[in-house]
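Take a look at the structure below.
Just so it is clear, the values below take in all heavy atoms, side chains as well, and ignore hydrogens, waters and symmetry mates.
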Amino acid sequence: MAIQNRYEFMYYVACTNGNANGDPDMGNTPRVDPQTMQGLITDVATKRRIRNYVTLAHGEEPGMNLIIEQSTNINRHIAQAKRNAGVEDCAKTKEAVYAGRKKACEMFYDVRAFGAVMSTGPNAGQVRGPVQITFGKSLDPVLPMDIAITRMAAAETNKEGTVEAYLKSEQETPEDKLRTMGRKQLIPFGLYEVRGFISANLAAETGFDEEDLKILFEAILNMYEHDRSASKGQMEVVSPLILFKHVGTDTDEQQRIKQAKLGCAPAHKLFELVTVSKKPEVDCPRSYRDYDARVALDRVPSGVQIGFQSDAFGTISWGALPESETWFHHG
């Protein structure tokens with residue numbers, strides 16, 4: 001059964017001496033808001049890492065395939081979904097499109113979670129996903145740097161392309177010519193806040209259930225642990241996953257269920273319960289420990305539960321900070 005509660009969530013990502021999210025239109029320099037110079041991480045980049053983790057940890061499980069995979073044609077996946085639904089791959093009738101849409105939700109985790117445009121090619125319609133994620137934004141301005149690097153080897157080509165030809169070329173070429181220069185884009189440090197929303201009403205359309213929700217939280221807390229690269233530097237989710245679960249207040253059970261789906265407080269008011277600010281004595285933050293993080297547990301609205309998940313495979317601590325949490329404080 002699809003989830004029955006609306007959720008909001010937020011978490012903090014630290015990037016140290018790396019490129020949190022490069023812009024290919026700007027020479028892969030770190031993305032920034034040009035007016036404030038705050039760093040940005042696109043929602044697409046975050047979803048890509050969630051997908052990567054889901055494939056790594058759950059890819060062999062039924063219903064955990066992905067429609068958006070590297071170097072694939074999504075039309076093949078759409079056609080396969082329609083075939084598995086018992087209709088022709090390219091059938092265009094309303095019934096065939098709906099059957100393909102329903103089967104795609106069953107087959108693909110990212111369709112159930114994020115939705116998909118499947119009206120291309122074989123056509124299985126469009127799906128609005130219950131999980132939406134904002135751009136991550138750094139709390140303070142970041143300093144994009146473009147530094148020169150030296151590779152102590154070259155990659156020259158020759159017409160013959162044989163081992164002997166390359167060896168001869170090496171012997172005839174001066175040593176200082178057998179090296180190349182390159183560029184590397186990074187920021188010294190940035191602490192990014194990311195927010196997300198989960199709609200119970202849209203989950204009913206895709207079948208996004210409690211197990212899918214558990215895997216989403218697991219993926220968010222673990223995604224950077226399996227996405228290491230030289231360009232990323234050191235990146236990790238440094239906060240607990242902060243969850244706001246709408247449960248309702250009405251004494252009538254049916255009305256309370258409705259409230260839990262629709263929500264009991266505006267999302268922006270819930271996000272305002274969490275404040276992370278630079279410590280007064282710090283000029284240039286270089287660690288998430290250079291910030292104070294506080295959450296106003298005493299101001300959580302009626303009908304909403306606040307929870308914290310620090311361990312990707314651990315339980316959610318509802319109503320109180322986990323004992324293991326040392327960065328966030330009740331304030």
| task | Before giving the answer on side chain to side chain contact (heavy atoms under 4.5 Å, CB included), spell out for Leu191 and Tyr12 the whole-Å C-alpha distance, their side-chain angles and the decisive distance to 0.1 Å. | result | CA-CA 7 Å; Leu191 183 64; Tyr12 292 84; 4.1 Å; yes
| said: Looking at Tyr166, I'd like to know if its OH atom is crowded, meaning that more than 12 non-hydrogen atoms belonging to other residues, nucleotides or ligands lie closer than 6.0 Å. | reply: yes
| field | Main-chain N/O of Arg49 paired with Tyr224 side-chain donor or acceptor, under 3.5 Å | value | no
| request: With the side chain counted from C-beta on, respond yes when Met145 and Ile187 share a heavy-atom pair under 4.5 Å apart, and no when they do not. | output: no
| request: Find out if a path of hydrophobic residues (ILVMFWY) with successive side-chain heavy-atom gaps under 4.5 Å connects Phe208 to Val54. | output: yes
| Gap separating the NE2 atom of His77 from the CD1 atom of Ile67, nearest 0.5 angstrom | 7.0 Å
| message | Quick check: do Phe189 and Val142 have side-chain heavy atoms less than 4.5 Å from each other? | response | no
| query | Applying the 4.5 Å side-chain criterion to the ILVMFWY set and letting contacts propagate, would Phe217 and Ile50 be lumped into a single cluster? | reply | yes
| query | Does Arg6 use its side chain to pair, donor to acceptor, with the backbone of Ala260 at less than 3.5 Å? | reply | no
| Where do Thr249 and Gln259 land on the side chain to side chain contact (heavy atoms under 4.5 Å, CB included) test, with the steps shown first? | CA-CA 8 Å; Thr249 60; Gln259 288 176 337; 3.6 Å; yes
| query | Are Leu216 and Leu243 grouped together when hydrophobic residues (ILVMFWY) are joined by side-chain heavy atoms under 4.5 angstrom apart? | reply | yes
| For the residue pair Leu139 and Glu193, what are the closest heavy atoms and their distance? | CD2-CB, 4.1 Å
| Distance-only polar pair, side chains of Tyr192 and Asn21, donor-acceptor under 3.5 Å | no
| Looking at side-chain heavy atoms only, is the closest gap between Asp140 and Pro285 below 4.5 Å? | yes
| request: Tell me, yes or no, whether the heavy-atom count around Lys278 atom NZ, taken from other residues, nucleotides or ligands under 6.0 Å, exceeds 12. | output: yes
| task | Check Phe308 against Ala320 and note the closest heavy-atom contact, atom names and distance. | result | CD1-O, 3.4 Å
| said: Is there a side-chain contact between Ile41 and Phe135 in this structure, where contact means two heavy atoms from C-beta onward sitting under 4.5 Å apart? | reply: no
| field | Residue list, salt bridge (Lys or Arg N to Asp or Glu O under 4.0 Å) with Asp292, at least two apart or on another chain | value | none
| Going from CD on Gln80 to CG on Asn65, what distance comes out if it is rounded to the nearest 0.5 angstrom? | 9.5 Å
| request: Answer yes if the side chains of Gln234 and Glu236 hold a donor-acceptor pair under 3.5 Å, and no otherwise. | output: yes
| message | If we ignore hydrogens and angles and just use 3.5 Å, is the side chain of Thr173 paired with the main-chain N or O of Glu170 as donor and acceptor? | response | no
| message | Could you go through Asp89 and Arg83, starting from their C-alpha distance and side-chain angles, then the distance that decides it, and tell me whether this counts as salt bridge (Lys or Arg N to Asp or Glu O under 4.0 Å)? | response | CA-CA 5 Å; Asp89 298 0; Arg83 180 178 297 185; 2.7 Å; yes
Please table the atom pairs, donor to acceptor, closer than 3.5 Å between any side-chain atom in residues 118-133 and protein atoms at least two apart or in another chain.
residue	atom	partner	partner atom	Å
Thr120	OG1	Asn75	OD1	2.8
Asn123	OD1	Gly125	N	3.0
Gln132	NE2	Gly129	O	3.1

| request: May I ask you to check whether Thr42 and Arg48 show a side-chain donor-acceptor distance below 3.5 Å? | output: no
| query | Do you know the tightest heavy-atom contact between Lys82 and Cys90? | reply | NZ-C, 4.0 Å
| Gln255 atom CD, over 12 foreign heavy atoms within 6.0 Å | yes
| Residue pair Glu218 / Tyr53, side-chain heavy-atom distance below 4.5 Å | yes
| When you measure from the side chain of Asn84 to the backbone N and O of Ala81, does any donor-acceptor pair fall under 3.5 Å? | no
| request: Check the pair Phe271 / Phe197 against ring-ring contact (aromatic ring centres under 6.0 Å, His included), numbers first and verdict last. | output: CA-CA 11 Å; Phe271 293 135; Phe197 313 86; 5.7 Å; yes
| field | Closest non-hydrogen atom pair, Ala104 against Val111 | value | O-CB, 4.0 Å
| Backbone N or O of Thr134 within a donor-acceptor pair of the Arg195 side chain at under 3.5 Å? | no
| If two hydrophobic side chains count as joined below 4.5 Å and joins carry through other members, does Phe114 share a cluster with Val194? | yes
| Can we call the ring centroids of His246 and Tyr7 under 6.0 Å apart? | no
| field | From CA spacing to verdict: side chain to side chain contact (heavy atoms under 4.5 Å, CB included), Val304, Lys245 | value | CA-CA 6 Å; Val304 178; Lys245 179 180 181 180; over 6 Å; no
| field | Any Tyr109 side-chain heavy atom under 4.5 Å of Thr55 side chain | value | no
| note | Only residue of Met10, Gln305, Lys269 satisfying side chain to side chain contact (heavy atoms under 4.5 Å, CB included) with Phe244 is Met10
| field | Separation of His330 NE2 from Leu297 CG (nearest 0.5 Å) | value | 4.5 Å
| query | About how many Å separate CD1 of Ile147 and CG of Asn17, when rounded to the nearest 0.5 Å? | reply | 8.5 Å
| query | When you check the gap from the basic side-chain N to the acidic O, do Asp290 and Lys279 get nearer than 4.0 Å? | reply | no
| request: Look at the side chain of Ser231 and the backbone N and O of Asn19, then say whether any donor-acceptor pair between them is shorter than 3.5 Å. | output: no
| request: Kindly assign one of parallel, tilted or perpendicular to the pair Tyr288 and Trp327, based on the angle between their ring planes and the thresholds 30° and 60°. | output: perpendicular
| query | More than 12 non-hydrogen atoms from neighbouring residues, nucleotides or ligands closer than 6.0 Å to NZ on Lys92, yes or no? | reply | yes
| message | Under a 3.5 Å threshold, yes or no: a donor from one side chain and an acceptor from the other, between Asp146 and Gln185? | response | yes
| request: Give a yes or no on whether a salt bridge exists between Glu106 and Lys103, defined as a side-chain N under 4.0 angstrom from a carboxylate O. | output: yes
| remark: d(Ile257 CD1, Gln4 CD) to nearest 0.5 Å is 7.0 Å
| Between Glu61 and His58, is any side-chain donor less than 3.5 angstrom from a side-chain acceptor? | yes
| field | Arg228 side-chain N/O to Met235 backbone N/O, donor-acceptor pair under 3.5 Å | value | yes
| query | So, does Arg256 use its side chain to make a donor-acceptor pair with the main chain of Asp250 at under 3.5 Å? | reply | yes
| task | Indicate yes or no for a side-chain donor-acceptor contact from Thr72 to the backbone of Ile74 under 3.5 Å, with no hydrogens or angles considered. | result | no
| Nearest non-hydrogen partners of Ala96 and Ala91, listed with the distance | CB-CB, 3.5 Å
| query | Does a salt bridge link Arg101 with Glu205, judged by any charged N lying under 4.0 Å from a carboxylate O? | reply | yes
| said: Would you say that more than 12 heavy atoms from the other residues, nucleotides or ligands in this model lie under 6.0 Å from the CD of Gln35, or not? | reply: no
| Under a 4.5 Å side-chain heavy-atom rule over Ile, Leu, Val, Met, Phe, Trp and Tyr, are Leu213 and Ile306 clustered together? | no
| task | Indicate yes or no for a side-chain donor-acceptor contact from Asp227 to the backbone of Met223 under 3.5 Å, with no hydrogens or angles considered. | result | no
| Distance, nearest 0.5 Å, that separates CD1 of Ile242 from CD1 of Ile316 | 12.5 Å
| message | When you compare the side chain of Met181 with that of Ile149, does any pair of heavy atoms fall below 4.5 Å? | response | no
